[in-house]
Visitor: 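Dropping the structure in here first, questions after.
Numbered from 1 within each chain, the chains take letters A, B, ... in sequence-line order.
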2 protein chains.
Amino acid sequence: MEQEGIKINKTVARAIDIMDYIATNKKPVTLATISKELSIPKSSAFDIMHTLAEKKMLKANNETKQFSLDVKSFEIGSGYLSRNDVHTVARPLLKQISQQTGETAFLAVENNGMIVYLDKVEGISPTRTTCVIGDRNLMHCTGLGKAILATMPIEKIRLITGGGSLQVRTQNTHATFNSLMLDLEEIRKRGYSIDNREDNDYVYCVAVPILDGDNNCIAAISISAIYTPDTENHREAFSQLITNAALEISRKFGYVNPRIYSEDTYGLTDIN
Amino acid sequence: MEQEGIKINKTVARAIDIMDYIATNKKPVTLATISKELSIPKSSAFDIMHTLAEKKMLKANNETKQFSLDVKSFEIGSGYLSRNDVHTVARPLLKQISQQTGETAFLAVENNGMIVYLDKVEGISPTRTTCVIGDRNLMHCTGLGKAILATMPIEKIRLITGGGSLQVRTQNTHATFNSLMLDLEEIRKRGYSIDNREDNDYVYCVAVPILDGDNNCIAAISISAIYTPDTENHREAFSQLITNAALEISRKFGYVNPRIYSEDTYGLTDIN
DNA sequence: ACTAAGTGTTCGTATTTACGAACCGTGTTT
DNA sequence: AAACACGGTTCGTAAATACGAACACTTAGT
């Protein structure tokens, strides 16, 4: 591992790791914590964190000696969305879907083997589902994640999931790689993924990937609702809406096939 | 200037500057551009940008050789909002205000002498106003900016605005420091700021600051509408709504005074 | 009251990075 | 087709950072 020719600059890598740690750990942290958790010498972390604070990336509380994120991190992060085409193209469609169904519509991308929620439009339903924008989640137990996995060659799926037994969240979560692969095959035939309480005991969701002109999966969108015994009755309507929206978005990125999961979409023909 | 005892780490400062540059310039940039614009030697910028790319902060397009922001920047930026208390406390109030008026409600903070838009809830009005979340704007010509300026001591206002002639955006923009100071004094008496087409020829807006237990201004909220000859008729209703909301939010941060601009709020008694 | 354990901070030097210059690859001009 | 311009990449060494150790300060324990 790490035999890449890329020369990693230790200082900037540490700066990012520190901000990432503070962003994911939902509490502000002290210099000592960072030093311990990330195995960075105190004096080194000191220099880095104080420059980050000077640059308004981190906010230093002089009383509690705790560091939290500051506005510049937000400004830079917003820059990602404002020039991320998927986001701007998808948003009106998400709104439309949310209005038509009363449920919440989501947009997510894959990154480092997990999904990252980019956007949501909450429905008016009193029992609507939600999530925190920017948060990560597992792929094998979410509708969005499975929709994306189904576009990938088997080697990549194995790499991401680990290939053996999978982390279980509910009674319905796929516990094994083989079980997941069978589901992915169905997803490809069906044209959309279903998450029937696999991530959360109360949430039902259908999702479809977004593809570009090179048949690369660049994102996925979903409709998500609180599960009730008659949720299945809405499945057909939900899947139609979400598939049409995904096709419309995909076409704006040059995708030309008439359906989302075509043979060209994924490099995989048999799952053995 | 800059005689602080803080030892700035050149490497992390540059890394932040690079991301900041890419975030504010709305186009992807090449290594050469960064090197020229930020006066960083090519070979140094090379190392930094490639580690940033490795860390998923930047995305490197191997064909066009252009760098843009990647998801991690978004994730980190989202971390700011999810633990920024003002944001979570203010959001439901913004929603409420937007529903009651049909117009757009905004939340912004001050940073480095400018306002940064943190959140908005767009109204249903077909002629609603909007902005890009995460963007910056001038203080002296916006309702949000003036509401915040009015809480500051005169030295700080002078520092931020430059103290002399001000950048003019419309016929109504304050062109001089003195003109602005007279307005701020009125704002303090009135309890809220008015932006009557000072930033944009078509936008009218009322705004109020959010204060914490130490009487520090931590943010501002506003209602913004397309200007029409009868917009003034809504002023009283708008200002009541926004002031009540600001007081409600401020109290959650320990603010105890019965009105927003009390004598304790700002260190300033006369403007000469 | 003293000790101990926890912070953050400073400082000198071993270690790492920075960066000028040379190189490579592409596309454009002459 | 040679020369040029303009981008990215590599490399050796001057220059800047990293970091162990010592220090200072606060809080908790005995």
Visitor: B:Leu31 has a side chain; which of C:dT9, C:dC19, D:dG8 sits nearest to it?
Guide: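 Output: D:dG8.
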
Visitor: Do any side-chain nitrogens or oxygens of B:Thr30 fall under 4.0 Å of OP1 or OP2 in D:dG7?
Guide: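 Looking at the OP1 and OP2 atoms of D:dG7, neither is under 4.0 Å from any side-chain N or O of B:Thr30.
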
Visitor: Side-chain N or O of B:Asn9 versus OP1/OP2 of D:dA18: is the shortest distance under 4.0 Å?
Guide: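 Yes, B:Asn9 has a side-chain N/O under 4.0 Å of OP1/OP2 on D:dA18.
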
Visitor: Going by an N to O cut-off under 4.0 Å, is there a salt bridge joining A:Lys55 and A:Asp70?
Guide: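 Between A:Asp70 and A:Lys55 there is no salt bridge, as every charged N stays at least 4.0 Å from the carboxylate O atoms.
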
Visitor: Starting at CD1 of A:Ile34, measure out to CD1 of A:Ile48 and round the result to the nearest 0.5 Å.
Guide: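 Taking CD1 in A:Ile34 and CD1 in A:Ile48, the distance rounds to 10.0 Å.
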
Visitor: CG of A:Leu58 versus P of C:dG8: gap in Å, rounded?
Guide: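 Between P of C:dG8 and CG of A:Leu58: 14 Å.
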
Visitor: Does a nitrogen or oxygen in the side chain of A:Lys36 sit under 4.0 Å from OP1 or OP2 of C:dT7?
Guide: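 Yes, A:Lys36 has a side-chain N/O under 4.0 Å of OP1/OP2 on C:dT7.
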
Visitor: Do the side-chain N or O atoms of A:His50 get closer than 4.0 angstrom to the phosphate oxygens (OP1, OP2) of C:dT9?
Guide: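 It does, given that an N or O in the side chain of A:His50 lies less than 4.0 Å from OP1 or OP2 of C:dT9.
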
Visitor: Looking at CD1 of A:Ile18 and OG of A:Ser35, how far apart are the two atoms once the value is rounded to the nearest 0.5 Å?
Guide: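 So the gap between those two atoms works out to 9.5 Å.
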
Visitor: Measure from CG on B:Asn61 to P on D:dG7 and round the result to the nearest Å.
Guide: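 The distance from CG of B:Asn61 to P of D:dG7 comes to 16 Å, rounded to the nearest Å.
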
Visitor: To the nearest angstrom, how far is B:Ile34 atom CD1 from D:dG7 atom P?
Guide: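 The answer, rounded to whole Å, is 13 Å.
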
Visitor: Do A:Val89 and A:Phe253 come within less than 4.5 Å of each other through their side chains, counting heavy atoms only?
Guide: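 Result yes, sub-4.5 Å side-chain heavy-atom pair found.
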
Visitor: Starting from C1' on C:dC19, measure out to CG on B:Asp47 and report it in whole angstrom.
Guide: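 Going from CG in B:Asp47 over to C1' in C:dC19 covers 9 Å.
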
Visitor: Hey, which sits more toward the 5' end of DNA chain C by its nearest nucleotide, A:Phe46 or A:Lys10?
Guide: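 On the 5' side of the pair lies A:Phe46.
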
Visitor: Closest-nucleotide mapping onto DNA chain C: is A:Thr11 or A:Ser43 further toward the 5' terminus? I mean the 5' end.
Guide: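 Result: A:Ser43.
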
Visitor: Take atom CD1 of A:Ile48 and atom C1' of D:dC19, then tell me their distance rounded to the nearest Å.
Guide: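 Distance, rounded to whole Å: 11 Å.
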
Visitor: Using whole Å, what does the distance between atom P of nucleotide C:dC19 and atom CG of B:Leu38 come to?
Guide: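 That distance rounds to 13 Å.
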
Visitor: Figure out the CG/C1' separation between A:Asp17 and D:dA18, and round it to whole Å.
Guide: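 Between C1' of D:dA18 and CG of A:Asp17: 16 Å.
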
Visitor: Considering just the side-chain nitrogens and oxygens of A:Arg14, establish if one lies under 4.0 Å of OP1 or OP2 belonging to D:dC19.
Guide: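 Answer yes for this pair, as a side-chain N or O of A:Arg14 is under 4.0 Å from OP1 or OP2.
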
Visitor: To the nearest Å, how far apart are A:Met49 CE and C:dT9 C1'?
Guide: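 For the pair A:Met49 CE and C:dT9 C1', the rounded distance is 14 Å.
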
Visitor: Kindly say whether, by distance alone, the side chain of B:Lys42 makes a donor-acceptor pair under 3.5 Å with the base of D:dG7?
Guide: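 In this structure, the two groups form no donor-acceptor pair.
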
Visitor: Can you check whether A:Val109 reaches A:Ile218 side chain to side chain, under 4.5 Å on heavy atoms?
Guide: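 The answer is no; the side chains never approach within 4.5 Å.
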
